[in-house]
Protein chains: 2
Amino acid sequence: MSEEPIEDTIEAERPEEREEQEYGLTTPFVQAVLEAVFNEDAATLTALLEPLHAADIADLIEQMGEGPRSDFLALWGDNIDGEILTELDETIREDVIAALSPEALTEAVRELDSDDVVDLVEYLEEDQQEQILEALPAADRIAVEEALSWPEESAGRLMQREVVRAPEHWDVGQMIDFMRAEGQELPEQFYHVILIDPKLHPTGYVALGRILASPRRTLLRDIAEDSFRTVPVDQDEGEVAYAFNQYHLISVPVVDHSDRLVGVITIDDAMAVLDLEAEEDLLRLAGVHDESRVTDSVWETTKLRFPWLAVNLVTAILASLVIDQFEEVIAQLVALAVLMPIVASMGGNAGTQSLTVAVRAIATKDLTGSNVLRVIRRETAVGLLNGLAFALLMGLIGWFWFGTAMLGAVLALAMIINLLVAGLAGILVPVLLDRFNIDPALASGAFVTTVTDVVGFFAFLGLAAVMLL
Amino acid sequence: MSEEPIEDTIEAERPEEREEQEYGLTTPFVQAVLEAVFNEDAATLTALLEPLHAADIADLIEQMGEGPRSDFLALWGDNIDGEILTELDETIREDVIAALSPEALTEAVRELDSDDVVDLVEYLEEDQQEQILEALPAADRIAVEEALSWPEESAGRLMQREVVRAPEHWDVGQMIDFMRAEGQELPEQFYHVILIDPKLHPTGYVALGRILASPRRTLLRDIAEDSFRTVPVDQDEGEVAYAFNQYHLISVPVVDHSDRLVGVITIDDAMAVLDLEAEEDLLRLAGVHDESRVTDSVWETTKLRFPWLAVNLVTAILASLVIDQFEEVIAQLVALAVLMPIVASMGGNAGTQSLTVAVRAIATKDLTGSNVLRVIRRETAVGLLNGLAFALLMGLIGWFWFGTAMLGAVLALAMIINLLVAGLAGILVPVLLDRFNIDPALASGAFVTTVTDVVGFFAFLGLAAVMLL
């Protein structure tokens, strides 16, 4: 039974244990699977995996080391179906497809809807893509190729082409008769009937619940939803996901450049996109490539992380060049070398705070041309206030630590300057990058840290040179 | 017409312009609204706002400064309906509710479903909560109070209590007749009929599309979906959202401790939770309180950011104490002060990279007991490899900059040590925090930075003391 994991949680007694087991795979379960693989025991393996959702089997394959995975594929690979393939992470997917027999692959792919095939093949290597397209019946192949002609990450890639539509003059009875006649031919999941005019322009949509709750004579257009939106086929998928989340949509018709209905996007696909976009922002802000996964190999990971570290090295060297200018000052008062990282570090953290809030607000369209000036003023004021608070704290600490009131004063002043600048840079950098159509999540971090490091060291050592020597 | 913004985008010519205008509010539109508010022109205001979705009106109110907002509320407040109230950010919501007349508030609240009222009141101050509960009809009030008795952020808070259910022996004809009889009494949005046994235990569910596509005589249980899950009423909402995303659910029945059906959660609510959880992780990793918004006041923001900066100050002072131990070494060779921030900064960045990937993988259940050892080994190897790469680079730079090969060697060795430690700390800290049921997003950053700063300065200055003096 597929709800087994949930039943487990109900019976579990201690809350910590429940937390562990809610969904997904438990460690003992994965151990049992690995043991079956090790013993080449296909029957046990099937008994273990049969009840699982395809998404969980995909996670299981992802979590295996390379050795066990290839043993697993040799033993059980031909049971892998299309759904499991679509659930797999792209890096792993290529390996799995390569390990399948051509017959198993053909069978796996033929059972999928066209939008799932698009999902499956869009980022595959050319030859694997070709192999899968050839396995499809001609009609499906054409559908998939047409979908692939839309830009990457557009509504056209995301939509399913199977749409339940009806002329706008139909009534509920006609609709129900039509659907009963179609029977199994209808898409597996749909939530609305889309009304179209004779030119194929969508003019409204009707929730299935309203159709079921209305007498046969009711005109569909009379029970259509009040608010009705369509999405252009080349719209960015992030914008589509935003619209679903903002307007609580369940499904939305997709139209081409002549405003004709070409497909429909459902909320489950939009949810997956929203999740990916959030992941992208998170990883990019940390200077990690947005396709980084814990399943990547050592070499892959090293390559993906190197560029950001290289950028950071340049930043760090810039900061060092600033310090270098004050070598003589430090030589006279080594306490400066002890204290200077504090100023830089506080600035870096305050900058990251402003920056992250700004990047998120830009992504959710909460930070716009209308309120940007107010937010900039706010960040400046917050930087100043926190600067004053920490200036007081650090001034006292610096004073008592080194017994020089003047050193405390230098530290305090540098702290105010750097936290003020950090707040400003944290908001201005992402806003400006966004203006120039550069993803603020991707590049802001490096800029802001450079600013807070350079300003932090310069302010502290510069003030020290003037006030202490 | 509510789809106006989309039509705009179709007609816009330049792609950059389209990007700006996809959804949400344009700056000129907000200006027009503010002008109408300034002129106290309620008619224009209504004409502007009438076509907007409640979510966009809520965004508009959030983006106003405090002055214009209170003018706006005085002018147009009584047109604010329940839907707009639920869309508002919590901090702003309290102000808006306080500005509404008791009659307007009563009217706004009465039109909402009980789960929306829960959403609206759960984080309000006691007196505002009471005011709204009193405005409700008795039955609704009891429903809302019962929902509020479930733990915060649980399935019980998220679910709607209006459920369309049917005895498991019904056929399609009976179901359709029942729904037609209910008519307007049915919930506004539902996608499944839940089958229950005589004890109210849910036993399966049927998609509305299947009901519409099947002859009247078909038994509902014969067209029920293959896979069927329920959610316990006290399950954490994050787990619920995970299940929706992982298993592509559209709606899921909620059961109490006796496994009886008590409500249903739909994907649009799960999507909102998923979005919030991602936001929480993003903000927490940056050391920002997870309820920080660009709409917060200066004082609120300052207070929310202070604690993390204070934690960072302690961290930074710890690092300074390490430097302090080497004061004499620095006094003899000031170049060390110039170069030491590079080692610490590179370590901090590498640590943040590992950490962020690990935090995300823990959230998506991709990092589990089954693969944690392999991921730790991987992070160590990656740290070592990038350490070697940057050791070579920095070794050469240090050598040529200061003309001392030995200084380059010290820098290179310290770089290897710190990037290795950064990789290890980046994975171990979040994994351990998660084991102790502490949110890794919340606390990992401070720990990892402390480790990389302390190790960075200690390794560099320590090696310098041994190898150079």
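These numbers were taken from a predicted model, which means no experiment stands behind them. Below, chains carry the letters A, B, ... as their sequence lines are ordered, and counting in each starts from 1.
The candidate with the highest count of non-hydrogen atom pairs below 4.5 Å against chain A, out of B/D453, B/V164, B/L34, B/V382, is B/V382. When A/L186, A/L321, A/D59, A/I250 are compared by the number of non-hydrogen pairs under 4.5 Å with chain B, A/I250 comes out ahead. Residue with the most contacts toward chain B among A/V375, A/T368, A/T352, A/I330: A/T368 (heavy-atom pairs, distance under 4.5 Å). Counting heavy-atom pairs under 4.5 Å between each of B/I267, B/D268, B/N371 and chain A puts B/I267 at the top. The choice from A/M271, A/M394, A/M179, A/Q353 that makes the most heavy-atom pairs within less than 4.5 Å of chain B is A/Q353. Of the residues considered (A/A286, A/A319, A/A278), A/A286 shows the highest number of contacts with chain B, using heavy-atom pairs under 4.5 Å. In terms of heavy-atom pairs under 4.5 angstrom with chain B, the leader among A/L283, A/I317, A/L309, A/L274 is A/L309. Counting heavy-atom pairs closer than 4.5 Å to chain A, the top-ranked of the candidates B/A363, B/G183, B/S345 is B/S345. The choice from A/V288, A/V298, A/I176 that makes the most heavy-atom pairs within less than 4.5 Å of chain B is A/V298. For the options B/A389, B/P187, B/S297, B/P215, heavy-atom pairs under 4.5 Å to chain A are most numerous at B/P215. Most heavy-atom pairs under 4.5 Å with chain A: of the set B/P28, B/P341, B/G445, this distinction falls to B/P341. Between chain A and the options B/A331, B/A361, B/G65, B/A54, the largest number of non-hydrogen pairs under 4.5 Å is found for B/G65.
Distance check, rounded to the nearest 0.5 Å: CD of A/E239 to NZ of A/K365 gives 3.5 Å. Between atom CG of residue B/L60 and atom CE of residue B/M64 there is a gap of 4.0 Å, rounded to the nearest 0.5 Å. The CZ atom of B/F29 lies 10.0 Å from the OG atom of A/S370; values are rounded to the nearest 0.5 Å. Note that CG of B/L208 and CG of A/L208 are 5.5 Å apart. Values are rounded to the nearest 0.5 Å. Put simply, CG on A/L212 and CD on B/E182 are 13.0 Å apart, with the number rounded to the nearest 0.5 Å. Once rounded to the nearest 0.5 Å, the distance linking CG of B/D281 with CD of A/E279 reads 11.0 Å.
For B/E379, the part lying under 4.5 angstrom from a heavy atom of chain A is the side chain only. Contact of A/D296 with chain B is made through backbone and side chain together, with heavy-atom distances under 4.5 Å. Neither the backbone nor the side chain of A/E185 comes within contact range of chain B; no heavy atom of the residue lies under 4.5 Å from a heavy atom of that chain. Contacts between A/E188 and chain B at a heavy-atom distance below 4.5 Å are absent for every atom of the residue. Contacts between A/F306 and chain B at a heavy-atom distance below 4.5 Å involve backbone atoms as well as side-chain atoms. Residue contact with chain B, scored on non-hydrogen atoms closer than 4.5 Å, involves the side chain of A/E87 exclusively. Both the backbone and the side chain of A/A310 come within less than 4.5 Å of a heavy atom of chain B. Contacts between A/R374 and chain B at a heavy-atom distance below 4.5 Å involve the side chain alone, from C-beta outward. In this structure, no portion of B/L355 lies under 4.5 Å from any heavy atom of chain A. For A/F326, no part sits under 4.5 Å from any heavy atom of chain B, backbone or side chain. Looking at A/S320, both its backbone and its side chain come within 4.5 Å of chain B, counting heavy atoms on both sides. For a residue to count as touching a neighbouring chain, one of its non-hydrogen atoms must lie under 4.5 Å from one of that chain's; by this rule A/T380 does not touch chain B. For A/R377, no part sits under 4.5 Å from any heavy atom of chain B, backbone or side chain.
Not a single donor-acceptor pair under 3.5 Å links the side chain of B/R229 to the backbone N or O of B/F244. A/R180 places no side-chain N or O within donor-acceptor distance of the main-chain N or O of B/A213, the cut-off being under 3.5 Å. A donor-acceptor contact shorter than 3.5 Å links the side chain of A/E62 to the backbone of A/D89.
A salt bridge links A/D275 to B/R360: one of the charged nitrogens lies within less than 4.0 Å of a carboxylate oxygen.
Using modelled atom types and a 3.5 Å distance limit, the side chains of B/Q189 and B/T266 yield no donor-acceptor pair. Judged by distance alone, the side chains of B/T449 and B/N312 never bring a donor and an acceptor atom under 3.5 Å apart.
Using the six-membered ring where Trp is involved, A/H248 and B/H53 have ring planes that are tilted, between 30° and 60° apart. Ring pair A/Y191/B/Y191 is perpendicular by interplanar angle, where above 60° counts as perpendicular and below 30° as parallel.
Between B/A350 and B/L419, the shortest heavy-atom contact is CB-CD2, 3.6 Å.
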